[in-house]
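Worksheet for the structure shown next.
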Amino acid sequence: MTTKILQTVRRYPLSILCIILIWILSFVPFFPETPFDEVMFIDKWTHLVMYGGTCSMIWIEYLLRHTILNKKKLFCWAWLAPIVMSGVIELLQEYATTTRSGEWFDFAANSTGVTLAALLGMLLAYFKVFNKNPRHETLR
């Protein structure tokens, strides 16, 4: 078990760091004011970029470290798990904190970021497969 965890940390260090940062930032009680506060929907853009960036990193690290692409694994760990994590965080913010609130629009922005990253990841996977094997034998 410990070997599997260490192997995962070695394979996906930046992805894990991004996930940890999302958890920390999701429960910080307040943020200082910035000039960006005036930008319309800045909070939603931030959610989209955080989750999109994190899931893009998951795809990139996966593609760099695997020669055979497992679609089921990618679906579960690079799309479904981040969306479920987002929902759990929003529920915890709503029901387990007094300083943060869960919002459906935050969940929608998070899911949009994850989905855009998945589309980008699929495009990168296609080019990786196409460049290595014109007959596409590396997809399961």
Side-chain angles (χ1 to χ4, degrees):
M1 175 94 165
T2 307
T3 306
K4 184 75 170 163
I5 293 170
L6 288 174
Q7 183 181 19
T8 302
V9 170
R10 284 189 194 116
R11 283 186 175 185
Y12 304 98
L14 297 175
S15 299
I16 292 170
L17 178 64
C18 288
I19 291 167
I20 291 169
L21 285 172
I22 284 176
W23 277 92
I24 291 169
L25 292 173
S26 295
F27 294 100
V28 170
F30 65 90
F31 289 97
E33 289 187 27
T34 70
F36 294 112
D37 290 342
E38 302 301 319
V39 175
M40 187 177 256
F41 303 115
I42 189 64
D43 177 46
K44 305 316 171 224
W45 286 109
T46 302
H47 282 264
L48 188 138
V49 169
M50 278 191 337
Y51 278 83
T54 297
C55 292
S56 293
M57 186 55 58
I58 293 169
W59 274 89
I60 290 167
E61 287 184 327
Y62 183 91
L63 292 172
L64 288 173
R65 288 164 178 82
H66 293 83
T67 54
I68 296 175
L69 305 179
N70 185 328
K71 289 190 256 184
K72 288 179 185 177
K73 239 184 205 181
L74 282 166
F75 171 77
C76 287
W77 295 110
W79 187 78
L80 185 61
I83 289 176
V84 170
M85 181 183 88
S86 165
V88 167
I89 287 173
E90 292 301 322
L91 290 170
L92 287 172
Q93 285 177 330
E94 182 65 28
Y95 297 109
T97 70
T98 57
T99 58
R100 301 299 295 265
S101 63
E103 296 182 28
W104 283 107
F105 286 121
D106 286 352
F107 179 72
N110 298 341
S111 299
T112 301
V114 170
T115 301
L116 290 173
L119 293 172
L120 175 66
M122 286 187 268
L123 185 65
L124 291 173
Y126 172 78
F127 284 115
K128 178 181 179 176
V129 169
F130 183 74
N131 286 335
K132 286 192 173 191
N133 185 353
R135 293 188 346 209
H136 307 283
E137 292 175 1
T138 60
L139 285 177
R140 280 197 247 166

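If you read the sequence from its start, that first residue is 1, and numbering goes on from there.
Residue Ile42 is not grouped with residue Leu21 when hydrophobic side chains (ILVMFWY) are merged at heavy-atom distances under 4.5 angstrom, including chains of intermediate members. Hydrophobic clustering of Ile, Leu, Val, Met, Phe, Trp and Tyr side chains at less than 4.5 Å, counting indirect connections, keeps Leu91 apart from Met85.
Contacts of Thr54 classified as side chain to side chain donor-acceptor pair (under 3.5 Å), with partners at least two apart in sequence or in another chain: none. With sequence neighbours excluded, the residues satisfying side chain to side chain contact (heavy atoms under 4.5 Å, CB included) with Ile20 are Ile16, Ile24. With sequence neighbours excluded, the residues forming a side chain to side chain contact (heavy atoms under 4.5 Å, CB included) with Thr2 are Leu6, listed by chain and number. Leu124 pairs by the side chain to side chain contact (heavy atoms under 4.5 Å, CB included) definition with Ile60, Leu63, Leu120, not counting sequence neighbours. Residues satisfying the side chain to side chain contact (heavy atoms under 4.5 Å, CB included) criterion with Gln7, sequence neighbours excluded, are Lys4, Arg11. Every residue two or more places apart in sequence or in another chain that forms a ring-ring contact (aromatic ring centres under 6.0 Å, His included) with Tyr62 is listed here: His66.
Met57 belongs to a hydrophobic cluster whose remaining members, ordered by chain and number, are Leu14; membership requires side-chain heavy atoms of ILVMFWY residues under 4.5 Å apart, directly or through intermediates. Hydrophobic cluster membership of Phe41, counting Ile, Leu, Val, Met, Phe, Trp and Tyr whose side-chain heavy atoms lie under 4.5 Å apart directly or via other members: Met40, Trp45.
Within the 4.5 Å cutoff, no side-chain heavy atoms of Phe27 are placed close to those of Thr99. Considering only heavy atoms from C-beta on, Gln93 comes within 4.5 Å of Ser26 through its side chain. Looking only at side-chain heavy atoms (C-beta outward), Phe105 and Asn110 stay at 4.5 Å or farther from each other.
A distance of 13.5 Å separates SG in Cys76 from NZ in Lys71, rounded to the nearest 0.5 Å. Going from atom CG of Leu64 over to atom CH2 of Trp59 covers 13.0 Å, rounded to the nearest 0.5 Å. Atom CG of Leu116 is separated from atom OG of Ser111 by 11.0 Å, given to the nearest 0.5 angstrom. Separating the NZ atom in Lys128 from the CG atom in Leu69 is a distance of 6.0 Å, to the nearest 0.5 Å.
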Test log, rule side-chain contact (heavy atoms from CB on, under 4.5 Å), inputs Leu17 and Tyr12: CA-CA 9 Å; Leu17 178 64; Tyr12 304 98; over 6 Å; no
Kindly indicate, with the supporting measurements, whether the criterion side-chain contact (heavy atoms from CB on, under 4.5 Å) is fulfilled by Ile83 and Phe107. CA-CA 8 Å; Ile83 289 176; Phe107 179 72; 3.8 Å; yes
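Using the six-membered ring where Trp is involved, Tyr51 and His47 have ring planes that are parallel, under 30° apart on the 30 and 60° scheme.
The two residues Pro82 and Val114 make their nearest non-hydrogen contact at CB-CG2, 3.8 Å.
Within the structure, salt bridge (Lys or Arg N to Asp or Glu O under 4.0 Å) pairs that include any residue of residues 89-116 comprise Lys44-Glu103, Lys44-Asp106 (at least two apart or interchain). Sorted by first then second residue, the ring pair (Phe, Tyr, Trp, His ring centres under 6.0 Å) pairs that include residues 72-102, not counting sequence neighbours, are Phe75-Trp79.
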